[in-house]
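Quick notes on the structure that follows.
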Amino acid sequence: MSTAPPSIAITGQPLAPTSAFIPGPGTYASHDQIHASLSGYTTTIPSSSDSNSLPILSVVTGEEESGEGNVVPGEGNIVLGRVVRISPKQAVVNILVVGDVACREEFQGIIRQQDIRLTQTSHTKIYSSFRPNDIIRAQIISLGDQYSYFLSTARNDLGVVFAMCEESGEMMYPVSYGEMRCPKTGVVEERKCAKPV
Amino acid sequence: MSNDRRRNLGPSSSAPPIYQKDIHTLESQLKALEQKDSQSSEPQKIFLKTSLLTKPNGSSYLELHVPSTSTPTKLLCAIYGPRPTPRSTPYSPTATLTLDLSFSPFSTRTRSLPHLRSPLERTCAKRIEDSIRSAIRAELYPKTQIEIFVCVLEAPLSGDEADAEGVWSAAVNAVGAALVDAGIEMRDIPSAASCDGLSLATLLATGEITELSSKGKIDIGDWDKRVEECLRKAAEVRGVVNAVLRRDVERRREEGDGMEF
């Protein structure tokens with residue numbers, strides 16, 4: 001008896017027994033059967049670790065590749081956001097991109113003073129780390145409260161990605177982990193920079 | 001002859017009209033219609049199209065023609081979501097569902113004026129929401145809201161009903177297809193049908209009936225038969241929904257060049 005799942009799946013359709021696959025994104029398991037919860041194409045990913053693990057079965061709609069699709073911020077996701085306003089204790093951020101997918105509508109996030117850097121967290125000044133309109137890369141550490149998600153930039157590769165110089169309006173480039181320079185005026189402004197890839 | 005020019009009196013030998021015979025004719029006509037309905041020999045005609053609106057996340061248009069009624073039911077459904085909830089909404093670990101149903105002014109036999117949602121619209125909306133709620137995997141979308149809008153373009157109603165079985169059951173099918181079009185994960189696509197005053201909504205993959213309502217007198221012996229009939233009709237609609245969605249998936253692949261599947 002072949003346990004190969006069908007190539008096209010419609011929501012609710014039983015795909016394969018749970019003895020043959022692990023349910024991945026776009027599927028769910030119920031009574032020893034894996035059912036599709038999206039309509040699209042099935043994909044199987046062989047398990048990476050050991051050969052004892054079952055392959056993962058998921059359903060994709062095809063929208064994910066185009067950068068669209070439903071995306072909801074979750075814990076651990078790396079996001080891109082724009083700083084909206086800053087206060088002495090926190091910076092408010094509009095989340096624009098979650099992972100590789102752009103949000104249709106912006107979600108709100110907060111970076112608290114203690115989550116900006118790994119070291120010397122109580123001495124961090126928000127004004128020296130972010131300014132309004134900076135584009136930052138951050139990680140979601142919690143779903144937060146009814147108003148915002150909680151973000152963190154406490155990693156080398158997280159922090160300000162794009163920032164505009166206050167005087168000239170040109171885009172600045174990072175010179176160190178804490179400074180950015182404007183190519184036109186040469187002015188150096190303090191930011192918590194993300195390490196360039 | 002009276003000299004009273006202010007009144008127009010009928011002839012003195014007139015008699016009131018006789019309705020007795022008409023009542024009996026009406027009753028026998030209704031009985032004949034009911035029997036025709038329960039035979040259900042002709043299948044219902046269905047047209048379904050998804051992704052017709054560009055702005056909402058998902059949309060669907062459904063036309064349902066039950067042979068015994070003269071007017072088809074035409075509905076449009078649009079889905080926005082999952083989108084961020086407004087700041088005033090309390091924290092919710094699952095997606096918040098809102099469903100709004102409106103009858104367009106030209107949808108019923110009597111033209112209706114623009115109005116705030118009538119009791120009929122609210123009842124229908126509540127029924128549809130109850131039917132689909134358990135199907136959506138809301139736990140995957142915390143702190144978001146899914147907004148569903150149903151616009152009834154035409155319905156076999158006279159306009160002053162208190163209940164509209166055919167409308168809410170048709171709407172459940174349209175909403176199910178639109179939710180799939182929006183890419184919202186669900187346990188199954190809800191299907192619904194109505195038959196002789198009984199209407200139900202079901203998740204056919206799991207065999208659950210999520211909403212059931214009946215109107216009028218039904219003999220206990222007829223109950224099972226009507227439920228079976230409704231389930232059969234729901235399965236018919238589900239067959240059409242499946243075929244349309246399958247075609248959508250294939251068309252998406254053709255339009256997206258270079259995607260490896």
Side-chain angles (χ1 to χ4, degrees), chain A residues 6-15 23-31 33 35-44 58-75 92 94-95 98 101 103-109 140 142-150, chain B residues 50 55-58 79-93 95 135-137 139-144 146 176-177 179-191 203-206 238 241-253 255-256 258-261:
Chain A
S7 59
I8 294 183
I10 303 294
T11 307
Q13 183 179 346
L15 300 175
T27 67
Y28 71 97
S30 160
H31 295 112
Q33 272 281 3
H35 295 258
S37 58
L38 287 175
S39 292
Y41 291 88
T42 55
T43 61
T44 46
S58 32
V59 176
V60 289
T61 57
E63 277 183 337
E64 296 87 350
E65 278 81 1
S66 58
E68 291 173 6
N70 292 324
V71 64
V72 169
E75 252 176 71
V92 177
N94 271 351
I95 298 172
V98 177
V101 184
C103 305
R104 275 171 166 242
E105 266 181 78
E106 297 154 358
F107 292 85
Q108 182 163 299
I140 298 182
S142 156
L143 293 182
D145 53 21
Q146 72 186 82
Y147 304 108
S148 349
Y149 292 84
F150 288 168
Chain B
T50 56
K55 298 290 180 287
N57 295 65
I79 312 246
Y80 284 90
R83 41 188 299 265
T85 48
R87 287 174 66 83
S88 50
T89 321
Y91 175 86
S92 164
I136 301 177
R137 294 183 70 196
E139 67 276 7
L140 296 178
Y141 307 108
K143 283 178 58 162
T144 60
I146 298 173
L179 283 167
V180 174
D181 185 50
I184 295 172
E185 292 203 34
M186 300 197 285
R187 265 169 271 281
D188 189 20
I189 310 175
S191 320
L203 299 179
L204 286 164
T206 56
R238 182 59 195 275
V241 172
N242 280 351
V244 170
L245 293 175
R246 190 172 289 267
R247 212 175 51 207
D248 282 348
V249 171
E250 283 163 359
R251 191 165 21 94
R252 263 207 299 269
R253 172 209 246 167
E255 283 171 9
M259 269 194 260
E260 299 287 309
F261 282 114

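Throughout, a chain's letter reflects where its sequence line sits, starting with A, and its residues are numbered from 1.
- There is no contact between A:S30 and chain B, counting heavy-atom distances below 4.5 Å.
- Taken from CD1 in B:I136 to OG1 in A:T11, the straight-line distance is 11.5 Å, to the nearest 0.5 Å.
- A donor-acceptor pair is defined here as one N or O able to donate and one able to accept, closer than 3.5 Å; no such pair exists between the side chain of B:N57 and the backbone of A:N70.
- Using a 4.5 Å cut-off between heavy atoms, B:I184 touches chain A through backbone and side chain atoms alike.
- Residue A:I8 comes nearest to B:V249 through the heavy atom pair CG2-CG1, 4.1 Å, listed as atom of the first residue, atom of the second, then distance.
- The part of B:S88 that comes within reach of chain A is its backbone (N, CA, C, O), which places non-hydrogen atoms under 4.5 angstrom from that chain.
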List the steps, then state whether side-chain contact (heavy atoms from CB on, under 4.5 Å) holds for B:T89 with A:Q146. CA-CA 7 Å; B:T89 321; A:Q146 72 186 82; 6.0 Å; no
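- Partner of B:P84 under the side-chain contact (heavy atoms from CB on, under 4.5 Å) criterion, out of A:Q108, A:R104, A:E105: A:E105 alone.
- For B:R137, the part lying under 4.5 angstrom from a heavy atom of chain A is the side chain only.
- With a 4.5 Å cut-off on non-hydrogen atoms, A:S148 touches chain B through its backbone but not through its side chain.
- In this structure, A:V72 and B:P82 approach most closely via the heavy-atom pair CG2-CB, 4.0 Å.
- Only the backbone of B:A182 comes within contact range of chain A, with at least one heavy atom under 4.5 Å from a heavy atom of that chain.
- Scanning all heavy atoms of the two residues, the minimum distance from A:D145 to B:K143 falls at O-NZ, 2.7 Å.
- Contacts between A:Q13 and chain B at a heavy-atom distance below 4.5 Å involve the side chain alone, from C-beta outward.
- In this structure, A:S39 and B:V180 approach most closely via the heavy-atom pair OG-CG1, 3.1 Å.
- Considering only heavy atoms from C-beta on, A:I10 stays 4.5 Å or farther from B:V241 through its side chain.
- A:Y28 OH: more than 12 foreign heavy atoms inside a 6.0 Å radius.
- When all heavy atoms of A:G12 and B:A205 are compared, the closest pair comes out as O-CB, 3.5 Å.
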